[in-house]
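The model shown is predicted, which means the values in this text are computed figures rather than measured ones.
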Amino acid sequence: MRFGTLNDIETNKKTVLLRVDFNSPIDPASNIILDDKRFREHAPTVRNLSDSKLIIATHQSRPLKKDFTTLKAHAERLERLIGRPVEYIDDIFGRCARDAVKRMECGDVLMLENLRFNAEENIKMSPEDGASTHLARGLSSMADFYVNDAFGTAHRSQPTIVGIPLAMKSVAGTLMEKEVSCLSRVFSDSPKPVTFVLGGTKVDDSLSVAKNVLECKTADKILIVGVVANVFLTAKGINIGDPSYDLIKKLGYSDEVSKAAEILSKFKDRVVLPEYVAVRNSDGEREEVSVDKIPKKSPVLDLGIDSVASFCDILQNSGTVVFNGPAGLFEESMFSTGTFELLKASAEADFSVVGGGHTAVVVESLGINEKFSHISTGGGACIEFLTGKMLPAISALEKSWELYREKCS
Ligand SMILES: Nc1ncnc2c1ncn2[C@@H]1O[C@H](COP(=O)(O)OP(=O)(O)OP(=O)(O)O)[C@@H](O)[C@H]1O
Ligand SMILES: O=C(O)[C@H](O)COP(=O)(O)O
């Protein structure tokens, strides 16, 4: 890695500004945090900084969304998790925040207000512009070191992600380091053969990942499931039925069919499509059909049992599995078989990685999270990483390391 980590800075008695991504599902009516996975994942970094005066900054949601809210509940949740007081302040870098920082002693933890309450944090900008924002200048003046642990936001070019690292000594936190090293391993020394499972509804992202990992020979095979499979089946000339085709149109993915066709023509032997699917029939029941017999009026909602078996066989013979996006409408138990069985088989691989929020939730609900080598906290960030793009947060940390390396110890 070409950026600094916590091992490279001496934080004892120093003031550290830590950027995390505590953006979590919240019940807008009660403000209760529904899933604290990201809190649990950032906890090691917080613990590693217990000898410092620790200022924590995060965002929650975006302006105009129902779960765009203050961070009192986030401070309370973190406090419970780390077993130490976390003071919440409803300010970001104004006088109240600065006074609170001045009062801090070693071991204190302060949580600032939702960063996206500040307009500048909602604008995509260059690192140079980011560094010159009031937000980046105000925040960087409050601390000795900046630690970016927010892998979930690593794909956003926003002031706290790309600007602050230009303005001050910055390193990656424990979670950022773990995400980058685990996801990078997929591209380099992962056990062979490497199989990707691409499913869910984000067809455009899945096609970009597929193209990248097939072209650069990262993936030996790609198993296509979920709505992504319906697009590939259409590209192959198979009639997937009106409801499934309507869903593709509704999601805005009609143009992706030709891109899927191109991938199929180039990499036919390495892209595996379902031969059997499960549909909801006119009685509302699950019905197994082969893909050349999909009824005109029945939606395709899961992988068929015979294809589940053949896909599991490939997964059981894989050294590495990267799983992104469910195989069907798993929220309905009738259509959860494909997702559940494929995940269970993937968990047995020597090196297994899960990306995508929905998929991570299923893994936890099945109680097999410990069996996976890595479950990414990133949705968009994980996908962009797998498409081979350099994430803005990482390039900013690298730049910061170049600029401030000498001054870090
Ligand atoms: N054949 C299908 N028809 C309709 N919906 C499907 C089908 N297959 C999967 N889904 C739906 O896809 C959704 C998840 O897809 P998505 O691409 O968002 O997954 P993810 O990447 O794990 O999650 P996130 O977007 O939270 O990161 C689920 O709600 C699931 O029901
Ligand atoms: O959950 C995420 O993907 C990150 O917190 C980034 O949030 P955003 O998509 O609102 O920028």
Side-chain angles (χ1 to χ4, degrees), residues 1 3 5 19-25 35-45 58-59 148-156 161 172-191 194-202 205-206 208-210 212-213 218-219 222-223 225-226 228 315 318 320-327 330 339 342-344 346-347 349-394 397:
M1 286 178 202
F3 51 72
T5 67
R19 173 63 156 105
V20 294
D21 184 346
F22 283 160
N23 183 19
S24 302
D35 174 54
D36 66 357
K37 176 174 165 58
R38 284 182 167 172
F39 289 75
R40 286 181 271 123
E41 295 290 338
H42 281 297
T45 309
T58 180
H59 70 278
N148 187 359
D149 208 29
F151 179 76
T153 325
H155 56 316
R156 302 286 180 223
I161 302 299
T174 315
L175 177 62
M176 179 73 86
E177 198 187 343
K178 182 173 121 187
E179 291 273 13
V180 173
S181 96
C182 286
L183 295 176
S184 302
R185 195 177 162 204
V186 171
F187 292 100
S188 53
D189 67 337
S190 49
V194 177
T195 304
F196 273 62
V197 182
L198 298 178
T201 55
K202 292 193 288 295
D205 286 339
S206 294
S208 302
V209 174
N212 180 48
V213 297
T218 302
I222 300 196
L223 312 184
V225 291
V228 190
L315 293 169
S318 299
T320 297
V321 176
V322 180
F323 200 119
N324 202 307
F330 68 87
T339 304
L342 262 48
L343 278 170
K344 285 191 239 162
S346 304
D350 286 346
F351 185 56
S352 49
V353 175
V354 171
H358 281 86
T359 322
V361 169
V362 181
V363 168
E364 291 220 350
S365 73
L366 289 173
I368 53 172
N369 33 328
E370 296 295 327
K371 290 185 150 198
F372 278 90
S373 315
H374 182 63
I375 301 174
S376 180
T377 51
C382 176
I383 286 267
E384 281 204 20
F385 195 100
L386 294 173
T387 59
K389 286 189 198 141
M390 172 60 125
L391 298 182
I394 297 169
L397 283 170

Practice task
State, yes or no, whether a side-chain contact exists between F323 and V363 at a heavy-atom distance under 4.5 Å.
Solution key: no
Fill in the blank from the handout: Which of D149, T174, T58 passes side-chain contact (heavy atoms from CB on, under 4.5 Å) with H42? It is D149
Handout entry: Partner of V197 by side-chain contact (heavy atoms from CB on, under 4.5 Å), out of L315, V322, I222
Key = L315
Exercise for the section: Output every pair passing salt bridge (Lys or Arg N to Asp or Glu O under 4.0 Å) with a member in residues 172-184, not counting sequence neighbours, ordered by first then second residue. Expected result: E41-K178
Exercise for the section: Determine whether more than 12 heavy atoms belonging to other residues, nucleotides or ligands lie under 6.0 Å from atom NZ of K371. Expected result: no
Handout entry: Heavy-atom check, side chain of I375 versus side chain of K37, under 4.5 Å
Key = yes
Exercise for the section: Test side chain to side chain contact (heavy atoms under 4.5 Å, CB included) on T218 and N212 and set out the steps. Expected result: CA-CA 8 Å; T218 302; N212 180 48; 5.7 Å; no
Practice task
Report the C-alpha separation of T153 and N23 in whole Å, then their side-chain angles, then the decisive distance to 0.1 Å, and conclude whether the side chain to side chain contact (heavy atoms under 4.5 Å, CB included) test is met.
Solution key: CA-CA 9 Å; T153 325; N23 183 19; over 6 Å; no
Problem - Close side-chain approach of N148 and L397, heavy atoms under 4.5 Å - result: yes
Handout entry: Partner residues of S373 under the side-chain contact (heavy atoms from CB on, under 4.5 Å) criterion, sequence neighbours left out
Key = F351, S352
Handout entry: Minimum side-chain heavy-atom gap D36-F22 below 4.5 Å
Key = no
Handout entry: CA sep, side-chain torsions, deciding dist, call: V20, L175, side chain to side chain contact (heavy atoms under 4.5 Å, CB included)
Key = CA-CA 9 Å; V20 294; L175 177 62; over 6 Å; no
Practice task
Could you go through the side chain to side chain contact (heavy atoms under 4.5 Å, CB included) check for I383 and K389 one step at a time?
Solution key: CA-CA 9 Å; I383 286 267; K389 286 189 198 141; over 6 Å; no
Handout entry: Pairwise side-chain contact, I394 with F3, heavy-atom cut-off 4.5 Å (strictly under)
Key = yes
Practice task
Quick one: list whatever passes side-chain contact (heavy atoms from CB on, under 4.5 Å) with S184, sequence neighbours left out.
Solution key: V180, F385
Practice task
Ignoring hydrogens and angles, state whether a donor on the side chain of T387 or S208 is under 3.5 Å from an acceptor on the partner side chain.
Solution key: no
